[in-house]
Trainee: 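Take a look at the following structure, please.
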Amino acid sequence: DVTALMDAHGLWDLEHVARGMLDRFGIAPDRVVGELSGGQRMRVALARALVHSDVAARTGDTVPLLVLDEPTNHLDVDVIEWLEGRITSQRGAVVLVTHDRYLLDRVVTRIVEVVDGALHTEHCSYADYLANRAERAAQAAARDHRRRQRVRAELEWLQRSPPARTSKSRARIERARQLMDDARATTDRGVRIDLPARRLGSKVATLHNAGKRYGDR
């Protein structure tokens with residue numbers, strides 16, 4: 001691959017970069033990966049991705065898309081701060097999948113979130129996205145309130161009006177059913193867990209007798 005195209009000096013430089021990157025993540029370069037812990041292996045994988053990106057930048061190749069899944073896990077604060085600067089200076093695009101709101105707010109320029117099967121995306125910081133999401137939630141709550149008022153009015157009409165076979169009455173009954181179906185579809189049945197806004201230890205939440213069912217599974 002890239003190393004095959006580099007001269008002797010380039011190979012030495014690559015080894016120097018790789019050793020420096022491993023040292024940054026607290027991994028001795030002579031360790032066998034199979035003997036490392038899960039957290040250490042994650043740091044090796046992160047170092048490898050960053051080294052490949054650096055090599056591509058130095059050799060003038062197209063810098064690959066860097067996809068990082070929870071990159072701040074198993075890292076101390078100093079390394080996280082370094083990683084934030086490293087991501088910010090990345091030449092190519094970086095995709096982050098993370099729950100670290102501090103990392104999001106410091107480095108991202110676009111947020112993509114999937115909520116209730118719908119994808120929402122905005123070019124903004126995480127803090128701005130939270131504000132916009134709160135505004136969308138308030139607007140949705142107002143729409144839901146108006147919908148529920150209409151459902152209540154239609155139910156009252158159904159209860160006080162005798163059954164009718166006119167096309168107008170049948171259309172109104174069908175509209176009432178549709179409103180009630182929409183009201184049930186928009187009900188939020190998700191589980192919400194509010195966590196402190198500061199960094200926590202390794203244990204974030206403890207669940208007892210908790211489960212999730214997908215159909216028969």
Side-chain angles (χ1 to χ4, degrees), residues 65-73 80 83-84 87-88 90 93-217:
L65 172 67
L66 192 60
V67 182
L68 305 179
D69 184 7
E70 300 292 356
T72 57
N73 284 2
I80 291 174
L83 182 61
E84 290 172 354
I87 292 174
T88 303
Q90 174 75 7
V94 181
V95 175
L96 293 172
V97 182
T98 180
H99 291 86
D100 189 336
R101 64 182 66 186
Y102 295 91
L103 181 67
L104 288 173
D105 209 33
R106 290 188 173 112
V107 305
V108 303
T109 58
R110 179 180 179 183
I111 298 289
V112 179
E113 183 180 23
V114 179
V115 181
D116 296 329
L119 186 143
H120 300 277
T121 179
E122 294 183 48
H123 291 272
C124 61
S125 68
Y126 183 61
D128 291 336
Y129 182 79
L130 288 180
N132 296 338
R133 187 175 67 176
E135 183 177 353
R136 286 196 303 271
Q139 293 173 352
R143 289 194 300 270
D144 186 60
H145 178 69
R146 292 193 297 269
R147 184 186 300 111
R148 291 179 183 276
Q149 286 182 320
R150 292 174 60 190
V151 169
R152 188 179 298 110
E154 294 298 324
L155 286 174
E156 292 175 353
W157 175 81
L158 288 173
Q159 290 169 355
R160 69 171 180 264
S161 302
R165 293 184 177 274
T166 65
S167 59
K168 183 176 181 180
S169 297
R170 289 198 300 270
R172 185 163 183 178
I173 291 172
E174 182 60 30
R175 185 168 65 249
R177 289 175 178 170
Q178 185 63 47
L179 283 170
M180 286 183 280
D181 289 342
D182 291 344
R184 284 193 293 268
T186 57
T187 300
D188 184 3
R189 299 191 302 171
V191 177
R192 297 184 181 275
I193 302 177
D194 293 326
L195 299 174
R198 56 186 174 82
R199 291 195 184 278
L200 303 174
S202 59
K203 182 181 294 185
V204 177
T206 302
L207 304 180
H208 299 280
N209 299 322
K212 171 65 179 174
R213 178 178 295 278
Y214 292 93
D216 295 332
R217 301 184 60 182

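The structure displayed is predicted, hence computed values, not measured ones.
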Trainee: Atom CZ in R106, atom OG1 in T88: separation rounded to 0.5 Å?
Mentor: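 Answer rounded to 0.5 Å: 10.0 Å.
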
Trainee: How close do I111 and S125 get, counting heavy atoms only, and between which atoms?
Mentor: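 Closest heavy-atom pair between I111 and S125: CG1-O, 4.2 Å.
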
Trainee: Say you draw a straight line from CD of E70 to CG of L103; how long is it, rounded to the nearest 0.5 Å?
Mentor: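 Answer rounded to 0.5 Å: 9.5 Å.
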
Trainee: Looking only at atom types and distance, does a side-chain atom of E84 sit under 3.5 Å from a main-chain N or O of V107, one as donor and one as acceptor?
Mentor: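 Such a contact is absent between E84 side chain and V107 backbone.
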
Trainee: Compare all side-chain heavy atoms of R143 with those of R146 and state whether any distance is below 4.5 angstrom.
Mentor: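 Yes, their side chains come closer than 4.5 Å.
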
Trainee: Find the distance between CG (N73) and CG (L68) and round it off to the nearest 0.5 Å.
Mentor: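 It is 11.5 Å, given to the nearest 0.5 Å.
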
Trainee: Over all heavy atoms of both residues, which pair between T98 and P71 is shortest? Give the atoms and the distance, please.
Mentor: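 Closest approach of T98 to P71, heavy atoms only: CB-CD, 4.3 Å.
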
Trainee: Using the side chain to side chain contact (heavy atoms under 4.5 Å, CB included) rule, pick out the option among V108, D69, V67 that qualifies with L96.
Mentor: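 When V108, D69, V67 are each tested with L96, the side chain to side chain contact (heavy atoms under 4.5 Å, CB included) holds only for V108.
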
Trainee: Quick one: pull up CG in D105 and CG in D128 and give me the separation to the nearest 0.5 Å.
Mentor: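 That separation rounds to 8.0 Å.
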
Trainee: Taking atom NE2 of H120 as the centre, report whether more than 12 heavy atoms of other residues, nucleotides or ligands fall under 6.0 Å from it.
Mentor: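 Buried by this count: over 12 neighbours within 6.0 Å.
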
Trainee: I'd like to check the side-chain contact (heavy atoms from CB on, under 4.5 Å) partners of Q90; sequence neighbours left out, ordered by chain and number.
Mentor: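 If we apply the side-chain contact (heavy atoms from CB on, under 4.5 Å) test to Q90, skipping adjacent residues, the hits are S53, V63, L66, R86, V94.
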
Trainee: Check whether NZ of the Lys or CZ of the Arg R101 lies under 6.0 Å from the centre of the six-membered ring of Y129 and within 45 degrees of that ring's axis.
Mentor: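 Judged by the rule, R101 and Y129 form no cation-pi pair.
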
Trainee: To the nearest 0.5 angstrom, please state how far the CD atom of E122 sits from the OG1 atom of T109.
Mentor: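 If I round to the nearest 0.5 Å, the distance is 12.5 Å.
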
